[in-house]
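Data first, discussion second: the structure below is written as structure tokens.
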Protein chains: 2
Amino acid sequence: MISETVENYLKALFTLADEEGKVSVSELSQCLEVSKPSANSMAKTLHQEGFLIYKKYKPLVLTKYGRKAAALVIRRHRLTEMFLVEKMGFAWDEVHDVAEQIEHVQSPMFFERMDELMDFPKFDPHGSPIPDRDGNIVEADWVPLSACAEGDSVSFVGLAQSSKSLLQLLDGHKIALNQIFEVTTIEPFDQSIVINRDGFPALTLSRQVCNEMLVRVK
Amino acid sequence: MISETVENYLKALFTLADEEGKVSVSELSQCLEVSKPSANSMAKTLHQEGFLIYKKYKPLVLTKYGRKAAALVIRRHRLTEMFLVEKMGFAWDEVHDVAEQIEHVQSPMFFERMDELMDFPKFDPHGSPIPDRDGNIVEADWVPLSACAEGDSVSFVGLAQSSKSLLQLLDGHKIALNQIFEVTTIEPFDQSIVINRDGFPALTLSRQVCNEMLVRVK
DNA sequence: TAATATATTTAGATTAATCTATATGGTGCT
DNA sequence: AGCACCATATAGATTAATCTAAATATATTA
């Protein structure tokens with residue numbers, strides 16, 4: 001059984017990886033707030049278990065097996081964050097520390113139930129994609145609108161999950177598929193987004209709405 | 001911060017305590033499936049931390065402080081069990097192992113939210129009382145009907161939580177406060193209970209209903 | 001290319017929780 | 001009272017995860 005500590009190292013390695021999948025021991029130790037010798041020694045252990053490739057003085061690289069294990073921890077983390085916000089009334093910025101603990105619960109059923117109850121969300125409350133049951137992370141050309149930066153020009157290409165009430169809301173604002181708009185402002189207070197479209201007045205969309213709207217950044 | 005291991009020892013000590021609060025090292029070691037020296041050595045640690053009274057060759061007794069800490073772990077365990085059943089569609093006999101893990105989550109808010117969402121239940125899905133926020137365990141002369149044994153003769157004295165739909169259901173069956181009845185059968189399959197009352201035909205009540213009905217055993 | 005700075009590794013110690021094997025205290029029986 | 005038995009305690013080792021201090025490798029830069 002994978003210990004919580006190992007799961008945390010895997011998660012860190014996954015998120016720190018650069019384009020080639022490389023992570024330095026220093027980065028790793030900093031990210032986890034442990035000493036460099038600790039990170040180094042754990043790297044050797046993870047190598048022995050087949051989670052990563054360790055060669056003296058070389059950057060660390062997760063194996064396929066390691067990446068899958070890591071993605072599954074991240075899946076549990078993000079599902080939990082989403083559940084805390086959607087079903088338990090937490091604010092999106094209060095969930096991290098709790099999710100950090102719950103992600104280690106050993107019970108596939110527990111996370112499957114969360115997933116079901118939320119109707120299989122594709123993104124967490126911060127707009128990060130939730131890996132699927134097999135650890136595949138949806139590599140798509142779209143992101144939730146909530147993940148965009150001020151000034152981005154985007155086209156609206158779909159919804160993360162479609163509910164009647166959301167469709168009605170979008171309809172009411174005359175927002176349609178393939179429409180093009182610009183992210184004018186992101187409110188620091190509540191992360192609501194102001195968009196601008198040709199031929200329409202400026203429009204403010206709540207964080208919840210932006211989480212569900214998938215856009216392609218130009 | 002109290003480690004998970006310590007929390008598990010406290011929980012075991014609390015539940016194993018006899019009328020005088022005494023627990024032997026052997027019982028403790030058996031309950032937690034550790035060796036006797038392990039239990040002994042942890043007993044010394046818990047003594048140092050003020051959780052229990054340890055005297056060589058004498059039975060272990062939790063201090064007031066220890067009992068409170070233990071009750072709070074049990075509170076989290078039972079709240080979690082209830083939440084899994086009520087809000088996440090688990091069966092009442094599937095929840096123990098998961099709750100065993102979640103009870104250690106460090107986040108008062110998380111458990112407060114559970115409590116609120118369930119409308120402050122007084123008993124867990126197995127009919128055991130849920131200690132309050134201060135670690136007080138309701139010592140009452142009534143128990144949920146679901147905690148009764150076949151053959152018990154009881155009087156109906158109240159509800160654990162009253163919802164309109166439950167009241168309507170009871171009304172429909174002409175069940176009223178202070179009525180006296182006998183627990184005739186407990187179905188092994190779904191823990192539904194058949195009761196018998198003077199002047200009424202036999203009646204089957206579901207586990208959910210029995211959980212909410214508080215009775216005094218004669 | 002040599003000197004220096006930075007990153008990485010090794011050595012050795014620490015802590016919490018556990019174990020096995022052994023020793024000792026307390027209780028009950030003859 | 002003495003002996004045997006069971007519960008309890010001690011000694012000493014082990015494991016995972018961590019640390020500090022010191023040594024060594026790689027990279028940078030004069």
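Here is the naming used below: chain letters follow the sequence lines, and residue numbers restart at 1 for every chain.
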A/K36 side-chain proximity, nearest of C/dT8, D/dT20, D/dT18:
C/dT8

Comparing A/E33 with A/Y57, nearest DNA chain D nucleotide closer to 5' gives the residue A/E33

Output the rounded distance in Å from NZ (B/K58) to C1' (C/dT27).
12 Å

Distance check needed: D/dC19 P versus A/L32 CG, whole Å only.
10 Å

Between A/K56 and D/dT24, is there a side-chain N or O to OP1/OP2 distance below 4.0 Å?
no

Answer yes or no: does a side-chain N or O of B/S35 lie under 4.0 Å from OP1 or OP2 of C/dC19?
yes

Aromatic rings B/Y65 and B/F51: how do their planes relate, parallel, tilted or perpendicular, breaks at 30° and 60°?
parallel

May I have the distance from A/K55 (atom NZ) to D/dT26 (atom P), rounded to whole angstrom?
14 Å

Which whole-number value in Å describes the distance from B/E49 CD to C/dT15 P?
14 Å

Can you find a side chain N or O atom of B/K44 that sits less than 4.0 Å from OP1 or OP2 on D/dT10?
yes

Can you label the angle between the B/F123 ring and the B/W142 ring as parallel, tilted or perpendicular, going by 30° and 60°?
perpendicular

Of the nucleotides D/dT18, D/dA17, C/dA11, which has the atom closest to the A/V6 side chain?
D/dA17

Hey, does the side chain of B/S26 come within less than 4.0 Å of D/dT8's phosphate (OP1/OP2), counting only N and O?
yes

With a cut-off of less than 4.0 Å, is there a side-chain N or O of A/S41 near OP1 or OP2 of C/dT10?
no

Candidate nucleotides D/dA21, C/dT8, D/dA11, ranked by approach to the side chain of A/N40 - the nearest
C/dT8

Should A/Y54 be listed as having a side-chain N or O under 4.0 Å from OP1 or OP2 of C/dT9?
yes

So which nucleotide from C/dT9, C/dA21, D/dA17 ends up closest to the side chain of A/M42?
D/dA17

State plainly whether the residues A/K11 and A/E103 are in salt-bridge range, i.e. N to O under 4.0 Å.
yes

Nearest heavy atom decides the nucleotide; on that basis, is A/S38 or B/V25 closer to the 5' end of DNA chain D?
B/V25

Could you verify whether a donor N or O on one side chain and an acceptor N or O on the other, from B/S29 and B/S26, lie under 3.5 Å apart?
no

Does A/T80 use its side chain to pair, donor to acceptor, with the backbone of A/R76 at less than 3.5 Å?
yes

If the cut-off is 4.0 Å, is B/Y9 near the phosphate of C/dT18, judged by side-chain N/O to OP1 or OP2?
yes

